[in-house]
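To start, the structure itself, in structure tokens.
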Amino acid sequence: QVQLVESGGGLVQAGGSLRLSCAASGRTFSTDTMGWFRQAPGKEREFVAAIRWSGGNTGYADSVKGRFTISRDNAKNTVYLQMNSLKPEDTAIYYCAADRNPSRAAADWVYWGQGTQVTVSS
């Protein structure tokens, strides 16, 4: 099992920044990809960004490219999501996820955190 704990959500004005953290523990050697998803009320959970523990390859949704940056600290087993130039439409619950080599579909990811709320006011 892999345990994921997110932190760093909150309320911010449009144009502001937040940094989310996701600390992984347990059988982390069984996963190589860490990702962030988000889910707004009444909408499906959508891919935001992902990173490989090995090599550091990253991927982003078009909606956040150029504004969000995913990074990792292998020594701390922690992944970060730096969110800049936030917009009201970024408001959602943000979830950390982990798996070996998943696609961008949420259904492909096995391990999930409990989520952290991000609210962007206009």
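Quick note: residue numbers are just sequence positions, from 1. A quick note: this is a predicted structure, and the numbers were derived from the prediction, not measured.
Screening residues 8-117 for disulfide bond (SG atoms under 2.5 Å apart), with sequence neighbours left out, gives C22-C96. For residues 59-91, no pair satisfies ring pair (Phe, Tyr, Trp, His ring centres under 6.0 Å), with sequence neighbours left out.
For the pair W36 and E6, the minimum side-chain heavy-atom distance is below 4.5 Å. For the pair L81 and V48, the minimum side-chain heavy-atom distance is below 4.5 Å. R38 has its side chain within reach of S63: a pair of non-hydrogen atoms, C-beta onward, lies under 4.5 Å apart. Side-chain contact between Y95 and T116 is absent, with no heavy-atom pair separated by less than 4.5 Å.
In this structure, T33 OG1 and D108 CG are separated by 11.0 Å, a value rounded to the nearest 0.5 Å. Expressed to the nearest 0.5 Å, how far CD of Q39 lies from OH of Y94 amounts to 12.0 Å. A distance of 10.5 Å separates CE of M34 from CG of D32, quoted to the nearest 0.5 Å.
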Residue pair D90, K87: steps toward the salt bridge (charged side-chain N to carboxylate O under 4.0 Å, His left out) verdict: CA-CA 5 Å; D90 293 318; K87 305 174 181 180; over 6 Å; no
Verify side chain to side chain donor-acceptor pair (under 3.5 Å) between R100 and T31, making sure each step is shown before the conclusion. CA-CA 4 Å; R100 183 175 298 276; T31 64; over 6 Å; no
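Hydrophobic clustering (ILVMFWY, side-chain heavy atoms < 4.5 Å, transitive): L4 and W53 are in one cluster. If you chain together hydrophobic residues whose side chains sit under 4.5 Å apart, I70 and F37 never meet in one group. Connection of V64 to V118 is established within a shared hydrophobic cluster, with ILVMFWY side chains joined at heavy-atom distances below 4.5 Å, either directly or through further cluster members. In the hydrophobic cluster analysis, where Ile, Leu, Val, Met, Phe, Trp and Tyr join through side-chain heavy atoms closer than 4.5 angstrom, I93 is grouped apart from L86.
Donor-acceptor pairing under 3.5 Å is recorded for the side chains of S17 and N84. Using a 3.5 Å distance cut-off with no hydrogens or angles, the side chains of R67 and S85 do not pair a donor with an acceptor. In this model, no donor atom of one side chain and acceptor atom of the other lie less than 3.5 Å apart for R72 and N77.
Across A92 and A40, no two heavy atoms sit closer than the pair CB-N, 3.8 Å. The two residues S122 and P88 have their closest heavy-atom pair at CB-CG, 3.8 Å. Heavy atoms only, all atoms of each residue included: S30 and V2 are closest at OG-CG2, 3.9 Å. Residue G56 comes nearest to I51 through the heavy atom pair O-CG1, 3.8 Å, listed as atom of the first residue, atom of the second, then distance.
Counting only distance, with no hydrogens or angles, the side chain of T91 and the backbone of E89 share no donor-acceptor pair below 3.5 Å.
Within a 6.0 Å radius of CD in Q114, more than 12 heavy atoms belonging to other residues, nucleotides or ligands are found.
The side-chain contact (heavy atoms from CB on, under 4.5 Å) test applied to D99 returns P102, W109, V110, not counting sequence neighbours.
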